[in-house]
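These numbers come from a predicted model, not from an experiment.
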Amino acid sequence: MNRRNSKSEKIDIFAVANKAGVSPATVSRAFNHPDLVKPETRNRIEDAVRGLGYIRNRAAQTIHGKRSGTIGLVVPVVANVIFSELIQAFSEVAEETGFTILIATHGFDLKKEEVVLRKLLEHRVDGIALIGLDHLDATYVLVEQQKIPAIAMWNFDDKSRLSCVGVDNHEAGYLAAKHLSDLGHKKIALAMPPTEENDRARARAKGARIALAEAGLEAKEGWTVEALYEVAHAKQACLELLSGDDRPTALVCGNDVIAKSALFAAQRLKLSVPEDLSIVGIGDFSGSADLEPPMTTVRIPATRIGRQAMHHLAISIAESNVTDIMRSKLDVNLMVRGSTAIPPQNS
């Protein structure tokens with residue numbers, strides 16, 4: 001009986017095509033553009049791939065100028081609810097369109113962002129997705145020199161240097177502060193993330209201050225605190241803000257992580273929310289509606305941002321289009337819940 005030598009036999013795309021009963025071109029199409037192949041044909045090809053133990057040689061594809069099938073996604077952090085919903089949505093569309101995601105983080109350090117971007121480009125990724133529009137000029141130049149499809153997520157700017165899909169973060173901050181002033185609060189404080197190298201935080205802080213100014217208000221000295229994207233740090237910052245004899249009756253938080261931390265600080269100080277203190281966040285992240293009380297916040301449609309951004313990249317890659325800039329602005333919405341109310345009397 002003549003047995004095949006599994007160690008020496010070459011398992012290639014032709015073997016997969018033969019076993020699946022299709023052409024090599026159809027196998028390649030199923031790998032690179034699965035939406036163009038009938039589901040039953042894809043299933044036969046996938047069964048053949050598994051049965052033969054075939055592994056695609058992406059390195060060889062890159063050498064011959066073909067696509068690597070990968071997208072580089074650069075985010076500030078991954079261990080944070082702020083970006084988890086966006087990353088999940090982005091990854092789902094990537095999988096649907098036949099791509100794999102390579103994720104890198106920079107910890108809100110734009111110099112590090114440029115370094116990790118260069119490493120991703122060394123892996124010959126087909127496209128790049130970044131967060132926000134605050135980037136070093138070197139980062140922008142690198143993307144432009146490589147002539148690679150790229151998109152910025154989370155922030156919208158009608159003059160952006162890259163394609164972008166996101167929201168007007170200025171409007172988000174404005175809506176949060178205006179909600180509190182419309183309720184009648186006069187003693188409003190701000191708890192914001194660091195604004196350096198973070199265009200989203202800067203825009204929200206500016207929008208909040210404009211809303212206060214329109215109401216004839218301003219945050220008193222010492223009533224604007226900087227809080228990191230960490231519950232422990234943000235809670236401590238809010239404890240210090242709320243511990244004084246003359247404390248605010250309302251707090252605008254730059255995101256829901258800080259808002260949740262403010263709620264914990266209020267509970268530590270035995271302040272009732274919203275009777276003693278109203279809190280509003282920005283983001284409407286998973287779990288914000290399930291807090292006690294449920295968090296009033298400005299919703300940013302993270303899932304739609306992630307899905308739309310990846311769809312745009314997939315089309316740009318398929319059409320080899322890196323010159324046209326696409327800009328898409330999504331709406332933010334105020335979600336009024338139990339953490340805000342009219343101010344206490346005599347405040």
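Side-chain contact between S316 and D324: absent, with no pair of heavy atoms (C-beta onward) separated by less than 4.5 Å. The shortest side-chain heavy-atom distance between L251 and C238 falls under the 4.5 Å cut-off. Residues I282 and V332 are not in side-chain contact: their nearest non-hydrogen atoms beyond the backbone lie 4.5 Å or more apart. Residues P301 and V167 are in side-chain contact: their nearest non-hydrogen atoms beyond the backbone lie under 4.5 Å apart. Side-chain atoms of M153 and C164, non-hydrogen and from C-beta on, never get closer than 4.5 Å to each other.
Within the structure, the salt bridge (charged side-chain N to carboxylate O under 4.0 Å, His left out) test picks out the following pairs touching residues 232-256 (sequence neighbours left out): K187-D246, K220-D246. Sorted by first and then second residue, the salt bridge (charged side-chain N to carboxylate O under 4.0 Å, His left out) pairs with a member in residues 141-153 read E144-R161; sequence neighbours excluded. Residues in residues 191-221 take part in no ring-ring contact (aromatic ring centres under 6.0 Å, His included) pair, two or more places apart or across chains. A ring-ring contact (aromatic ring centres under 6.0 Å, His included) check over residues 136-166, counting only residues at least two apart or in different chains, returns the pairs F83-W154, H135-Y140. Evaluation of the ring-ring contact (aromatic ring centres under 6.0 Å, His included) test over residues 279-323, restricted to residues two or more places apart or in two chains, returns none. Every pair passing side-chain hydrogen bond (donor to acceptor under 3.5 Å, both in side chains) that includes a residue from residues 299-308 is listed here, sequence neighbours excluded: E85-T303, E96-R307, D284-R299, Q308-S328.
From L241, atom CG reaches atom CG of L277 across 8.5 Å, with rounding to the nearest 0.5 Å. The distance from the CE atom of M310 to the OG atom of S91 is 9.5 Å, given to the nearest 0.5 Å. Note that the OG1 atom of T249 and the CG atom of L242 stand 11.0 Å from one another [nearest 0.5 Å]. Residue L175 holds its CG atom at 11.5 Å from CG of L180, rounded to the nearest 0.5 Å.
Considering only residues two or more places apart in sequence or on other chains, V116 meets the side-chain contact (heavy atoms from CB on, under 4.5 Å) condition with V74, A104, K112. Looking at residues two or more places apart in sequence or on another chain, you find no salt bridge (charged side-chain N to carboxylate O under 4.0 Å, His left out) involving K119. Residues satisfying the side-chain contact (heavy atoms from CB on, under 4.5 Å) criterion with K270, sequence neighbours excluded, are absent altogether. Annotation: side-chain contact (heavy atoms from CB on, under 4.5 Å) contacts of T41 (sequence neighbours excluded): V22, T26, V37, K38, R44, I45. Not counting sequence neighbours, the partners of F108 by the ring-ring contact (aromatic ring centres under 6.0 Å, His included) test are Y229. Considering only residues two or more places apart in sequence or on other chains, Y174 meets the ring-ring contact (aromatic ring centres under 6.0 Å, His included) condition with none of them.
A donor-acceptor pair shorter than 3.5 Å cannot be found between the side chains of T70 and H123. Side chains of H179 and T296: a donor-acceptor N/O pair is absent below 3.5 angstrom, by distance only. In this structure, a donor-acceptor pair under 3.5 Å is present between the side chains of N169 and R204.
Judged purely by atom type and a 3.5 angstrom limit, R268 has no side-chain atom pairing as donor or acceptor with the backbone of L239. Between the D199 side chain and the L133 main chain, a donor and an acceptor come within less than 3.5 Å of each other.
With respect to S288, the side-chain contact (heavy atoms from CB on, under 4.5 Å) criterion is satisfied by exactly one of M295, K260, M335: M295. A side-chain contact (heavy atoms from CB on, under 4.5 Å) with V125 is found for exactly one of I317, I101, I148, namely I148. Checking T139, I131, D134, T105 one by one against E113, the side-chain contact (heavy atoms from CB on, under 4.5 Å) holds for a single residue, T139.
Environment of CD in E196: sparse, with no more than 12 heavy atoms of neighbouring residues, nucleotides or ligands closer than 6.0 Å. The neighbour count for L136 CG, taken as heavy atoms of other residues, nucleotides or ligands under 6.0 Å away, is above 12. Crowding of E95 atom CD: a count of heavy atoms from other residues, nucleotides or ligands under 6.0 Å not exceeding 12.
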